[in-house]
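Presented below is the structure to which this report refers.
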Amino acid sequence: AGRDAKWVLDTTYPVDTSKLSHKDWIRDVAWAPCLSPTMQRVASCSEDRTVLIWTLDLSSVRKEEGKKQSPMWVPQLLHTFEDPVWRVSWSLTGNILAVSSGDDCVTLWKQTLDGTWMQVSSVLDEPQQQQQQQ
């Protein structure tokens, strides 16, 4: 420990980037509060205008060619925005994700029963209009 401590890559659960991953700088990452003992979720956002939801389901052990494989972090595209996405933040219960993008808009997203994500609210910051009215 102390000054000689080093970071070590944990490869216990691999990350599946074979079909989907960010293509530009990642600007923020937010770990969701624990949804269940067997489910972990992380949101990431990027200058490539996307938000990805990374899920690790420890209850799903895949079998391929007769051998067990450990669970993987699997990405799901939440949405592709008009501008780069700067921040993501989970609600305290972990079921709503707030997303702040470069178009001065904050959107709230919730997962539906079929596993897709739906925008439930948005707030647009309009400082220029507010200043003109004063």
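Between Ile53 and Leu97, the closest side-chain pair of non-hydrogen atoms falls below 4.5 Å. Asp57 places none of its side-chain heavy atoms less than 4.5 Å from the side chain of Pro71. A 4.5 Å side-chain heavy-atom check between Ser101 and Trp86 finds every atom pair outside the cut-off. Within the 4.5 Å cutoff, no side-chain heavy atoms of Val42 are placed close to those of Leu56. Annotation: side chain of Cys45 is not in contact with side chain of Arg87 (no heavy-atom distance under 4.5 Å). The closest side-chain heavy-atom distance from Val120 to Trp109 is not below 4.5 Å.
With hydrophobic clusters built from ILVMFWY side chains whose heavy atoms lie under 4.5 angstrom apart, Val99 shares a cluster with Trp117. Note on Val29: it clusters hydrophobically with Leu77, by side-chain heavy-atom contacts below 4.5 Å among ILVMFWY residues. Val15 and Tyr13 fall within the same hydrophobic cluster, where Ile, Leu, Val, Met, Phe, Trp and Tyr residues are linked whenever their side-chain heavy atoms come under 4.5 Å apart, directly or through other members.
The shortest heavy-atom contact between Leu20 and Trp54 is O-CH2, 4.0 Å. Shown here for Cys34 and Pro37, the closest heavy-atom pair between the two residues is SG-N, 4.3 Å. A pairwise comparison of heavy atoms in Arg49 and Pro84 identifies CG-N, 3.7 Å as the closest pair.
A distance below 6.0 Å separates the ring centres of Trp31 and Trp73.
Expressed to the nearest 0.5 Å, how far CG of Leu78 lies from CD of Gln119 amounts to 9.0 Å. To the nearest 0.5 Å, atoms SG (Cys105) and CG (Leu124) are separated by 5.5 Å. Here the CH2 atom belonging to Trp90 is positioned 9.0 Å from the CG atom belonging to Asn95, to the nearest 0.5 angstrom. For the atom pair CD1 of Ile96 and OG of Ser89, the computed distance is 11.5 Å after rounding to the nearest 0.5 Å.
Judged purely by distance below 3.5 Å, without hydrogens or angles, the side chains of His79 and Thr50 never pair a donor atom with an acceptor atom. For the residue pair Arg41/Gln76, the side-chain donor-acceptor check at 3.5 Å is not satisfied.
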What's the verdict on side chain to side chain donor-acceptor pair (under 3.5 Å) for Thr116 and Thr112, showing C-alpha distance, side-chain angles and the deciding distance?
-> CA-CA 6 Å; Thr116 60; Thr112 62; 2.8 Å; yes
Step-by-step side chain to side chain contact (heavy atoms under 4.5 Å, CB included) determination, Thr55 to Val74 = CA-CA 5 Å; Thr55 304; Val74 178; 5.5 Å; no
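Using modelled atom types, one side-chain atom of Ser46 and one backbone atom of Asp24 make a donor-acceptor pair closer than 3.5 Å. Panel note: side chain Asp103, backbone Asp83; no donor-acceptor pair is recorded below 3.5 Å. When atom types are taken as modelled, the side chain of Asp16 and the backbone of Met72 share no donor-acceptor pair closer than 3.5 angstrom.
With salt bridges taken as basic N to acidic carboxylate O contacts below 4.0 Å, one links Arg27 and Glu47.
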